[in-house]
There are 2 protein chains.
Amino acid sequence: MAKTAPEIALDAFDLAILKILQRDNATPQRTIGEAVNLSAPAVQRRIKRMEESGVIQANCAIVDPAKVGQPITIFVEVEVISETADLIDAAKAEFSATPEVQQCYYVTGEADFILVIVVATMADYEALTRRLFFGNNNVKKFRTFVAMDRVKVGLTVRLEAPGR
Amino acid sequence: MAKTAPEIALDAFDLAILKILQRDNATPQRTIGEAVNLSAPAVQRRIKRMEESGVIQANCAIVDPAKVGQPITIFVEVEVISETADLIDAAKAEFSATPEVQQCYYVTGEADFILVIVVATMADYEALTRRLFFGNNNVKKFRTFVAMDRVKVGLTVRLEAPGR
DNA sequence: CTCCTCACGAAACAAACTTGCAACTTGCAC
DNA sequence: GTGCAAGTTGCAAGTTTGTTTCGTGAGGAG
């Protein structure tokens, strides 16, 4: 039921492998092996273990939104009226199910949710606000930030040096 | 120098392929071919074309930050004092070069930059604020939002249905 | 000291990717 | 309507890559 989470321990080899895969997971295992001084099978076993343990969550292609007709990235801070558990869960579910919502975080501070939204046109965004925010009685207010420049985009995680 | 951007046109096949790769780029081309009714070589050629044209920006492994000792995700809205081109560029460069900064956007609205930061401890974040914000004379103020729940995380882009 | 467990490396095996070629479809000029 | 040129497809062979198996050696417990 619960997803297998064996809480694996990672050594310097694993981190070095992750560092490479995080940048390009099409790198041949043999090449990785040469880079980290390990044989290809050893690399293969470690990758498999990290995938099974959830350290590697997914292997996916990163698509340029602008090249597929979705050039607008928007941040939204959402403030809700009532923070009861079921209302928050309902909001999480709705945001998660919306394909235009690329990322959704439940946060502390002056807002309750922060959304990253990718759309084709401002009209699309306007329609989305009607549905997600104005159509939701529990949304008190929301603030919009339109991205002019995607300076740095990725999900790359910092991997500390082996000596730890 | 300039990145090759042949501005390719995508048809329904390309979108269907992208949709699969966006979720799992380790899917065999043969399997993709069966799903979209194309032969494996045809799929391969389309993927290659999309990679060369920049539609597919990268192929990478998604690492769970919590599993590698970086359990804290933080949003920061940064407001600067002066918005001259060189100062903005300097800020972009500094944010980009900081490994803890996972994402950085230059935005319109009540803030100028929005950052997504991933760190191991709040002490690390505190040290980072000293360096990035208090140590930068051009930062007027910044607001911090700590993520309690990463409800939806990804860089998946919505791909409209073939009929277009 | 012996046994057990575990991780690594080398080689064989299986699978996937890549390339060349001929045939088909599409668009356009004549 | 006819013929040409460009692009795309599918098939098949060749090559690279990923995967499994087996044997070896390094700790750790009894």
Side-chain angles (χ1 to χ4, degrees), chain A residues 4-64 67-69 159-164, chain B residues 4-64 67-69 159-164:
Chain A
T4 52
E7 283 302 330
I8 220 73
L10 304 176
D11 61 10
F13 285 120
D14 293 312
L15 292 178
I17 294 171
L18 274 185
K19 215 163 185 172
I20 295 172
L21 292 181
Q22 216 175 192
R23 214 194 29 180
D24 178 14
N25 71 1
T27 309
Q29 295 175 349
R30 186 191 139 196
T31 307
I32 299 175
E34 292 169 359
V36 303
N37 284 320
L38 235 54
S39 72
V43 172
Q44 139 79 4
R45 281 187 285 259
R46 286 167 179 271
I47 293 175
K48 188 175 181 183
R49 204 182 48 175
M50 290 193 285
E51 284 175 346
E52 287 172 348
S53 65
V55 175
I56 295 176
Q57 287 186 319
N59 290 292
C60 56
I62 306 301
V63 176
D64 185 344
K67 295 274 175 70
V68 292
L159 300 171
E160 42 216 316
R164 214 283 174 77
Chain B
T4 52
E7 282 303 331
I8 222 72
L10 303 177
D11 61 10
F13 286 121
D14 293 311
L15 292 179
I17 293 170
L18 275 184
K19 214 163 185 170
I20 295 172
L21 292 181
Q22 215 174 196
R23 214 194 29 183
D24 179 13
N25 72 0
T27 309
Q29 295 175 349
R30 182 190 137 200
T31 307
I32 300 175
E34 291 170 357
V36 303
N37 284 319
L38 234 53
S39 72
V43 172
Q44 138 78 5
R45 281 186 282 261
R46 285 168 179 271
I47 293 175
K48 187 177 181 184
R49 203 183 48 174
M50 290 192 285
E51 284 176 346
E52 289 171 348
S53 66
V55 175
I56 296 175
Q57 287 186 318
N59 290 291
C60 54
I62 306 301
V63 176
D64 185 343
K67 294 273 175 70
V68 292
L159 299 171
E160 41 216 315
R164 213 278 177 81

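In what follows, chains carry the letters A, B, and so on, assigned in the order in which the sequence lines appear, proteins first and then strands, with residues in each chain numbered from 1.
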J.: Can you tabulate the close N/O pairs, meaning under 3.5 Å, that link protein atoms to atoms of nucleotides 9-12 of chain D?
T.:
{"residue": "D:dT9", "atom": "OP1", "partner": "B:Arg46", "partner atom": "NE", "Å": "3.0"}
{"residue": "D:dT9", "atom": "OP1", "partner": "B:Arg46", "partner atom": "NH2", "Å": "2.4"}
{"residue": "D:dG10", "atom": "OP2", "partner": "B:Ser39", "partner atom": "N", "Å": "2.9"}
{"residue": "D:dG10", "atom": "OP2", "partner": "B:Ser39", "partner atom": "OG", "Å": "2.8"}
{"residue": "D:dG10", "atom": "N7", "partner": "B:Arg45", "partner atom": "NH2", "Å": "3.1"}

J.: Restricting to non-hydrogen atoms, name the atom on B:Arg49 and the atom on B:Ala9 that form the minimum distance, rounded to 0.1 Å.
T.: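 For B:Arg49 and B:Ala9, the tightest heavy-atom pair comes out as NH2-O, 4.1 Å.
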
J.: Could you measure the distance from the CG atom of B:Leu18 to the CG atom of B:Leu10? Nearest 0.5 Å is fine.
T.: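 That separation rounds to 6.5 Å.
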
J.: Calculate the interatomic distance between B:Ile47 atom CD1 and C:dC17 atom C1'; express it in whole Å.
T.: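 Atom CD1 in B:Ile47 sits about 10 Å away from atom C1' in C:dC17.
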
J.: For B:Asn59, what residues pass the side-chain contact (heavy atoms from CB on, under 4.5 Å) criterion, not counting sequence neighbours?
T.: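 So B:Asn59 forms a side-chain contact (heavy atoms from CB on, under 4.5 Å) with A:Asp24, A:Asn25, A:Ala61, B:Asn25, B:Glu51, B:Ile56.
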
J.: Send over the distance from A:Arg49 CZ to C:dC6 C1', rounded to a whole Å.
T.: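 Answer to the nearest Å: 11 Å.
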
J.: Which angle, to the nearest 10 degrees, lies between the helix axes at the two ends of the helix from C:dC1-D:dG30 to C:dC30-D:dG1, each defined by five pairs?
T.: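 Comparing the axis at each end, I get an angle of 30°.
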
J.: Please enumerate all residues that pass salt bridge (charged side-chain N to carboxylate O under 4.0 Å, His left out) together with B:Glu34, with sequence neighbours excluded.
T.: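 Checked B:Glu34 against salt bridge (charged side-chain N to carboxylate O under 4.0 Å, His left out); matches are B:Arg30.
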
J.: Please report, rounded to the nearest Å, how far the P atom of D:dT8 is from the CE atom of B:Met50.
T.: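 B:Met50 atom CE is separated from D:dT8 atom P by 13 Å.
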
J.: Rounded to the nearest angstrom, tell me the gap between atom CD in B:Gln44 and atom C1' in D:dT17.
T.: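 Going from B:Gln44 (CD) to D:dT17 (C1'), I get 14 Å.
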
J.: Looking at every non-hydrogen atom in both residues, tell me the closest pair between A:Ser53 and B:Lys67 and how far apart they are.
T.: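 Shortest heavy-atom separation between A:Ser53 and B:Lys67 comes out as O-NZ, 3.0 Å.
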
J.: Specify the closest pair of heavy atoms between B:Phe13 and B:Val36, including all atoms of both residues, with the distance to one decimal.
T.: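 Where B:Phe13 meets B:Val36 most closely, the heavy atoms are CE2-O, 3.2 Å.
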
J.: Mind running a 4.0 Å heavy-atom check of residues 24-34 of chain B against DNA chain D and sending the residues that fall below it, in number order?
T.: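 When residues 24-34 of chain B is checked for heavy atoms under 4.0 Å from DNA chain D, there are no hits whatsoever.
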
J.: Looking at every heavy atom in both B:Asp64 and A:Gly54, which two are closest together, and how far apart are they?
T.: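 Nearest heavy atoms, B:Asp64 then A:Gly54: CB-O, 3.5 Å.
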
J.: Could you name each residue pair satisfying side-chain hydrogen bond (donor to acceptor under 3.5 Å, both in side chains) that touches residues 37-46 of chain B, not counting sequence neighbours?
T.: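 Counting only pairs at least two positions apart or across chains, the side-chain hydrogen bond (donor to acceptor under 3.5 Å, both in side chains) contacts touching residues 37-46 of chain B are B:Asp11-B:Arg46, B:Asp14-B:Arg46, B:Gln29-B:Gln44.
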
J.: Just wondering, do A:Val63 and B:Met50 contact through their side chains at under 4.5 Å, heavy atoms?
T.: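 B:Met50 vs A:Val63: side chains apart.
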
J.: At their closest point, which heavy atom of B:Leu15 faces which heavy atom of B:Leu159, and how far apart are they?
T.: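 Shortest heavy-atom separation between B:Leu15 and B:Leu159 comes out as O-CD1, 3.8 Å.
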
